[in-house]
Amino acid sequence: MRNFELAKIFYEIADFLEIREVEFKPRAYEKAARVLGTLEKDAGEIYKDGGLKALEDIPGVGKHIALKIEEFIKTGRIKEYEKLKKKCPVDMEALTAVEGLGPKMIKVLYQKLKIRNLKDLEKAAKDGKIRKLEKFGEKSEKNILQGIAFLKKGKGRFSLGFVLPLVGKIIRELKELKEVQEISPAGSIRRMKETIGDIDILAISKNPEKVMDFFVNRSGVEKVWAKGPTKSSVRLREGLDCDLRVIKKESFGAALQYFTGNKDHNILTRRLAMNKGLKLNEYGVFRGKKRIAGRTEKEVYQAIGLPYIEPELRTNTGEIEAALKGHLPKIISYNDILGDLQVHTKWSDGSDTIEGIAEAAKKMGYQYIAITDHTGDLKIAGGLDEERLLKQMEEIDKINKKFKNLKILKGCEVNIRKDGSLDMPDEILAKLDIVLAAVHSGFKTDKDSMTKRMIKAMENPNVDVIVHPTGRVLFRRGPYQLDFEEILKAAKRTKTALEINAFPDRLDLKDTDIRQAVEAGIKLVINTDSHHQNQFHYMELGIAQARRGWAEKKDILNTQPVEKLLENFL
DNA sequence: GCCGTTTTCGGCCCGACTGTTTTCAGTCG
């Protein structure tokens with residue numbers, strides 16, 4: 001994928017230009033980078049099929065950026081980028097990832113303290129050198145150290161949303177080999193964990209050598225750690241490792257079971273087997289030397305006295321006890337969702353028209369879709385004022401007439417201000433089908449004020465859903481300080497739903513929050529927060545999150561048909 | 001540098017918050 005490399009370079013160019021106080025160009029490069037990052041087709045392919053002209057058709061890409069893309073495809077480098085980087089040779093990507101650190105501060109840190117990377121930065125902060133700089137102080141130094149610590153926690157891990165397409169591609173390629181009879185992801189990917197350390201894949205084949213040969217010689221393999229007939233391990237270009245195991249048909253279920261559950265889940269299942277006088281390993285369930293199960297996972301679980309346990313639940317967080325008692329939840333399935341309730345359009349910071357979104361929703365097989373653009377205060381995101389929101393509502397009425405079997409719901413995403421008030425008057429909100437409310441500023445507010453702020457918003461009868469309720473962003477910042485139990489109580493009292501935001505780096509609520517909410521009887525919705533129709537498929541990530549949080553279909557409002565759904569939002 | 005029923009130049013719709021420099025620059029969404 002050249003797109004990610006190009007996006008990274010353009011983001012950096014934007015930062016370098018920002019440092020030089022060039023006007024407007026940084027925004028242009030950022031936009032091009034952002035669009036490239038969400039493109040399905042590789043820029044190399046686009047260029048091959050349609051040349052410069054096709055590149056210029058990418059939104060945000062004009063003549064000059066198209067030429068730079070061409071240069072990169074032909075030579076593997078972009079001269080102007082290298083020139084800029086020479087003037088300020090810092091690891092911009094790593095440094096800007098520290099929360100609160102932007103290009104201007106990075107420039108000062110480089111000029112005064114020769115800080116080029118995270119290591120330099122951490123040392124300087126620990127040595128107390130940063131607080132002495134002009135415009136910096138003790139607090140900035142502390143924040144920098146906290147930011148670095150946060151980054152370190154996520155180091156070497158990748159978001160599920162990034163890894164899933166990669167795994168899909170590897171599996172598709174392997175599947176095409178006639179030697180591969182069956183293939184499945186295992187490990188944390190199969191459990192759909194929100195971040196992934198490495199990729200595990202299992203396959204059945206009678207000719208493992210051929211399969212392994214293909215696997216280690218794929219393009220995209222950077223290094224071969226090990227290669228044998230049953231197991232091979234490689235480092236992928238994207239920076240993570242991928243293991244492939246080839247097993248025999250009769251052991252496939254046992255191997256899947258063995259390589260999918262986390263360590264504690266596996267210890268418990270093996271203990272259960274032992275108590276029954278059986279042995280469970282990756283080859284099967286054995287009584288003495290006789291294999292009594294192993295072909296399918298269902299068979300394996302059955303043999304040790306358990307019902308089938310969904311992969312997402314296999315984390316030893318009570319699923320085995322529940323299974324033994326017959327109390328396993330009937331978790332929501334991947335095709336239960338009937339519509340997406342958070343989507344942005346051109347009217348604010350999205351890139352599609354309402355009509356385009358509606359078409360895409362039909363393709364997803366949805367029965368409804370809510371248009372929920374930003375409002376008032378969030379100007380950079382094109383926040384709608386009253387007049388524009390009213391106009392959009394009229395527009396939706398018109399478009400609705402063109403669609404059969406799809407209802408476009410009128411909505412918006414209002415900002416919860418610091419005092420808990422909203423940035424759109426109640427009489428306007430009352431006209432909408434659905435009102436989402438969210439915190440977009442003042443993340444560092446203390447726990448008590450933040451909790452009160454959110455509860456005040458929930459008490460507004462127009463507010464139907466609190467979206468991305470904890471504000472965390474994977475690898476970038478933790479949740480804001482919040483008394484979650486109080487939030488749950490308020491949600492129950494005010495009949496406000498909470499969102500499971502499916503956007504790959506949000507996944508907010510997280511699994512443990514969801515489980516707590518489900519236990520408290522809170523209604524949830526799963527939304528993608530799409531800003532482009534090719535983000536609709538993120539829904540899978542949100543559903544996975546819900547499944548990991550033991551949510552059932554009945555807990556998720558957007559599994560209901562539209563009339564019933566809207567009753568919740570009166 | 002991109003974009004355009006303002007079409008080849010002149011816009012690019014920012015506002016809140018934070019920390020620090022007590023008046024504002026930098027960051028974020």
Side-chain angles (χ1 to χ4, degrees), chain A residues 9-11 13-36 52 55-69 78 80-81 84 92 95-109 130-144 146-147 344 346-351 373-385 387-388 413-423 438-446 449-450 453 467-468 471-473 476-477 480 501 503 505-506 508 529 531:
Chain A
I9 291 175
F10 290 147
Y11 275 125
I13 291 181
D15 289 333
F16 287 131
L17 293 171
E18 189 84 53
I19 283 179
R20 301 173 150 219
E21 312 210 353
V22 178
E23 277 193 298
F24 303 115
K25 287 190 190 184
R27 297 291 85 71
Y29 276 102
E30 251 168 44
K31 173 148 195 239
R34 205 168 42 241
V35 173
L36 279 166
L52 272 178
L55 289 177
E56 283 182 49
D57 284 342
I58 302 169
V61 174
K63 201 171 153 197
H64 290 86
I65 291 186
L67 281 169
K68 289 193 174 68
I69 297 176
I78 293 174
E80 192 170 328
Y81 163 68
L84 286 164
M92 201 49 107
L95 292 174
T96 48
V98 179
E99 218 212 330
L101 217 52
K104 297 271 170 70
M105 287 165 83
I106 290 169
K107 179 190 181 188
V108 175
L109 290 168
I130 291 177
R131 68 178 73 182
K132 291 182 192 142
L133 291 177
E134 230 178 291
K135 303 198 178 183
F136 288 79
E138 267 182 58
K139 272 203 174 158
S140 3
E141 194 172 82
K142 206 179 109 214
N143 282 339
I144 284 172
Q146 272 176 0
H344 299 260
K346 272 190 167 172
W347 286 69
S348 67
D349 58 346
S351 41
D373 281 301
H374 290 287
T375 57
D377 289 347
L378 219 58
K379 285 288 190 312
I380 187 66
L384 304 179
D385 55 23
E387 200 184 324
R388 297 246 307 146
E413 181 185 3
V414 291
N415 297 299
I416 304 173
R417 290 183 173 136
K418 203 160 182 187
D419 61 358
S421 67
L422 307 175
D423 64 350
V439 168
H440 287 109
S441 63
F443 302 126
K444 289 198 169 146
T445 314
D446 65 276
S449 326
M450 186 59 100
R453 173 182 180 187
V467 297
H468 44 77
R472 65 109 174 235
V473 179
R476 224 175 74 223
R477 65 165 193 246
Y480 24 72
N501 189 295
F503 211 78
D505 54 2
R506 280 199 185 269
D508 177 10
D529 203 349
H531 288 64

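Both backbone and side-chain heavy atoms feed into the values below; hydrogens, waters and symmetry mates do not. Residue numbers begin at 1 in each chain, while the letters A, B, ... track the order of the sequences. If you're wondering where the values come from, they're calculated on a predicted model, not measured in any experiment.
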Checklist entry - From Asp505(A) CG over to Arg472(A) CZ, what is the distance, rounded to the nearest 0.5 angstrom? => result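 Answer rounded to 0.5 Å: 9.5 Å.
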Next on the checklist: Is there a side chain to side chain contact (heavy atoms under 4.5 Å, CB included) between Phe10(A) and Ile69(A)? Walk through the geometry before answering.
Outcome noted: CA-CA 10 Å; Phe10(A) 290 147; Ile69(A) 297 176; 3.9 Å; yes
Checklist entry - Among all residues two or more places apart in sequence or in another chain, which pass the ring-ring contact (aromatic ring centres under 6.0 Å, His included) test with Phe136(A)? => result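 With sequence neighbours excluded, Phe136(A) shows a ring-ring contact (aromatic ring centres under 6.0 Å, His included) to no residue whatsoever.
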Next on the checklist: If the condition is ring-ring contact (aromatic ring centres under 6.0 Å, His included), which residues does His344(A) pass it with, not counting sequence neighbours?
Outcome noted: His374(A), His531(A)
Checklist entry - Short question: side chain of Thr96(A), backbone of Met92(A) - any donor-acceptor pair under 3.5 Å? => result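 Checking the backbone N and O of Met92(A) against the side chain of Thr96(A), a donor-acceptor pair under 3.5 Å is found.
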Rounded to the Å, how far apart are [X] [atom1] and [N] [atom2]?
X         : N       : atom1 : atom2 : value
Leu17(A)  : dG1(B)  : CG    : P     : 8 Å
Gln146(A) : dT27(B) : CD    : P     : 18 Å
Met92(A)  : dT27(B) : CE    : C1'   : 14 Å
Arg417(A) : dA16(B) : CZ    : C1'   : 11 Å
Ile13(A)  : dG1(B)  : CD1   : P     : 9 Å
Arg20(A)  : dG1(B)  : CZ    : P     : 12 Å
Ile9(A)   : dG1(B)  : CD1   : P     : 15 Å
Tyr480(A) : dC28(B) : OH    : P     : 17 Å

Sticking with atom [atom1], work out how far [N] lies from [M], rounded to a whole angstrom.
N       : M       : atom1 : answer
dT21(B) : dG26(B) : P     : 13 Å
dC12(B) : dT5(B)  : P     : 16 Å
dG19(B) : dG10(B) : C1'   : 37 Å
dA16(B) : dG11(B) : C1'   : 25 Å
dT8(B)  : dC14(B) : C1'   : 28 Å
dC13(B) : dG4(B)  : C1'   : 16 Å
dT20(B) : dC28(B) : P     : 15 Å

May I ask you to evaluate whether [X] reaches the phosphate of [N], defined as a side-chain N or O under 4.0 Å from OP1 or OP2?
X         : N       : result
His64(A)  : dC2(B)  : yes
Arg476(A) : dG29(B) : yes
Asn143(A) : dG19(B) : yes
Arg27(A)  : dG29(B) : no

Next on the checklist: Would you say that more than 12 heavy atoms from the other residues, nucleotides or ligands in this model lie under 6.0 Å from the NZ of Lys346(A), or not?
Outcome noted: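 No, NZ of Lys346(A) has 12 or fewer neighbouring heavy atoms, counting only those of other groups under 6.0 Å.
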Checklist entry - Among the nucleotides dG1(B), dA16(B), dG29(B), which one has an atom lying closest to any side-chain atom of Arg477(A)? => result dG29(B)
Checklist entry - Watson-Crick or G-U wobble partner for dG19(B), using a 3.5 Å limit on both distances? => result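 Pair assignment: dG19(B) / dC24(B).
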Next on the checklist: Can you work out whether Lys444(A) or Glu18(A) has the more 5'-proximal nearest nucleotide on DNA chain B?
Outcome noted: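 Nearest nucleotide further toward 5': that of Lys444(A).
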Item to check | Chi angles and distances behind the side chain to side chain contact (heavy atoms under 4.5 Å, CB included) call for Asp529(A), Val467(A) | outcome: CA-CA 9 Å; Asp529(A) 203 349; Val467(A) 297; over 6 Å; no
Between the protein and nucleotides 20-26 of chain B, which nitrogen or oxygen pairs come in under 3.5 angstrom?
residue: dT20(B); atom: OP1; partner: Gly137(A); partner atom: N; Å: 2.8
residue: dT20(B); atom: OP1; partner: Gly137(A); partner atom: O; Å: 3.3
residue: dT20(B); atom: OP1; partner: Glu138(A); partner atom: N; Å: 3.4
residue: dT20(B); atom: OP1; partner: Lys139(A); partner atom: N; Å: 3.4
residue: dT20(B); atom: OP1; partner: Ser140(A); partner atom: N; Å: 3.3
residue: dT20(B); atom: OP1; partner: Ser140(A); partner atom: OG; Å: 2.8

Checklist entry - Should Arg477(A) and Lys444(A) be marked as a side chain to side chain contact (heavy atoms under 4.5 Å, CB included) after you check the CA-CA gap, both sets of side-chain angles, and the distance that decides it? => result CA-CA 11 Å; Arg477(A) 65 165 193 246; Lys444(A) 289 198 169 146; over 6 Å; no
Item to check | Contacts of type salt bridge (charged side-chain N to carboxylate O under 4.0 Å, His left out), residue Glu56(A), not counting sequence neighbours | outcome: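 Result, salt bridge (charged side-chain N to carboxylate O under 4.0 Å, His left out) vs Glu56(A): none returned.
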Checklist entry - Can you name the salt bridge (charged side-chain N to carboxylate O under 4.0 Å, His left out) partners of Lys68(A), sequence neighbours left out? => result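 Residues passing salt bridge (charged side-chain N to carboxylate O under 4.0 Å, His left out) with Lys68(A): Glu80(A).
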Item to check | Base-contact (B) and sugar-phosphate-only (S) positions in nucleotides 3-12 of chain B, heavy-atom cut-off under 4.0 Å, - elsewhere | outcome: S--------B
Checklist entry - Which pair of heavy atoms, one from Tyr81(A) and one from Phe16(A), lies closest together, and at what distance? => result CE1-CE1, 4.1 Å
Checklist entry - Checking all strands, does Lys68(A) fall into the base, sugar-phosphate, or nothing category for heavy-atom contacts under 4.0 angstrom? => result sugar-phosphate
